Amino acid sequence: MRLSSSPDLWTLLWIVLLFNAMGCIQSIRCKPKSFRDSIIVVEVNTSIDPNPTSIDESSSVVLRYRTPHFRAYARVLVPPVAGKETWTIGWIQACNHMEFYNTYGNKGMSSWELPDLRDGKIQAISDSDGVNYPWYGNTTETCTVVGPTKKDTKFTVSMNDNFYPSVTWGVPVSDSNVPQLSSIRRDQSFTTWLVAINQATSETLVLQTIRWRMRLHIQVDPEKPLGHRAALNEPLAQEQPKILGKNEPISSNAMVKPNANDAQVLMWRPKNGDPMVVIPPKY
């Protein structure tokens, strides 16, 4: 018997197909996407300002310099959150490498150092503000979404970073302030992550990874009069940050105390003799 001669079979087939389709639709409605699958990074921008490092010789005690700013910006969209979940989305940063040497002619050099990073005991150290671990900051740097929500949540998170230190003209372990500073070299590398963290479960989602580096070399002639001693040798423009095509996991040390500012040590390393600690770590 042919199917065309039995309309009841066609009706039955149509009913089966209809209920299967309805079942699929209901399944989709009953099982909304997880936060991990639904959060969208609409846009990410990052750059280092094109201006060169500026030098300030207004003080007779210290030389100051200010590097251009590293900047990171992201637009994020979070679709409606069905459950009672609280997520914080923002920037976390870690220092991966630091060389910071201030040379004083033939006397020696002072250096800011991160001992565990220097000795290879850790691969990165938190660059948090020291208050809002693990976040870089808690103003423009983060946004918190508290579920349940009925509408899309759209927001931006941004951060910036630069160096603005003071370096003594005289040898830091001497009572004399006679100018002997002859050069400053600095080379630091960072990883910056855009991250979402569940406040209840600590589930952590890496949304974007950025790598950047800041370098400088300042040559100083201590014999010249104040205001005419220092000159920026390199680089006049910094290498631009890289947004990685594949995200990197966050180092465990980037999530906890201490941060780089609290862990750093100022050492004096003379040409002759043993090195000594000038400023110990704060933690």
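Just so you know, these numbers use all the heavy atoms, side chains as well, and skip hydrogens, waters and symmetry mates. Since we're looking at a predicted model, the values are computed, not measured.
Connection of Trp193 to Leu244 is not established within any shared hydrophobic cluster, with ILVMFWY side chains joined at heavy-atom distances below 4.5 Å, either directly or through further cluster members. The same ILVMFWY cluster, assembled from side-chain heavy atoms under 4.5 Å apart, contains both Leu205 and Trp91.
Annotation: cation-pi geometry satisfied between Arg186 and Phe100 (NZ/CZ under 6.0 angstrom from ring centroid, within 45° of ring axis).
Classification of Asp49 and Arg71 as a salt-bridged pair holds, one side-chain N sitting under 4.0 Å from a carboxylate O. Look at Asp56 and Arg66 and you find no salt bridge, because none of the NZ, NE, NH1 or NH2 atoms lies under 4.0 Å from a carboxylate O. Between Arg211 and Glu239, none of the side-chain N atoms (NZ, or NE/NH1/NH2) sits under 4.0 Å from a carboxylate O, so this pair counts as no salt bridge. Ion pairing between a basic and an acidic side chain is recognised when a charged N comes within 4.0 Å of a carboxylate O; Arg229 and Glu223 show no such pairing.
By the ring pair (Phe, Tyr, Trp, His ring centres under 6.0 Å) test, Trp87 pairs with Phe35, sequence neighbours left out.
For Asp37, the CG atom counts as densely surrounded, since its 6.0 Å shell holds more than 12 non-hydrogen atoms of other residues, nucleotides or ligands. Around atom CD of Gln219, more than 12 heavy atoms belonging to other residues, nucleotides or ligands sit under 6.0 Å away.
Although no hydrogens or angles enter the test, the distance criterion places no donor-acceptor pair under 3.5 Å between the side chain of Trp112 and the main chain of Met267.
Side-chain contact annotation: Asn259 with Ser128, donor-acceptor N/O pair under 3.5 Å absent. For the residue pair Tyr104 / Ser183, no side-chain donor-acceptor distance below 3.5 Å is found, with atom types taken as modelled. Side-chain contact, Asn96 with Thr191: a donor N or O sits under 3.5 Å from an acceptor N or O. Looking at Glu203 and Asn198, their side chains never bring a donor and an acceptor atom within 3.5 Å of each other.
With rounding to the nearest 0.5 Å, the separation of OG in Ser47 from CD in Gln238 is 12.0 Å.
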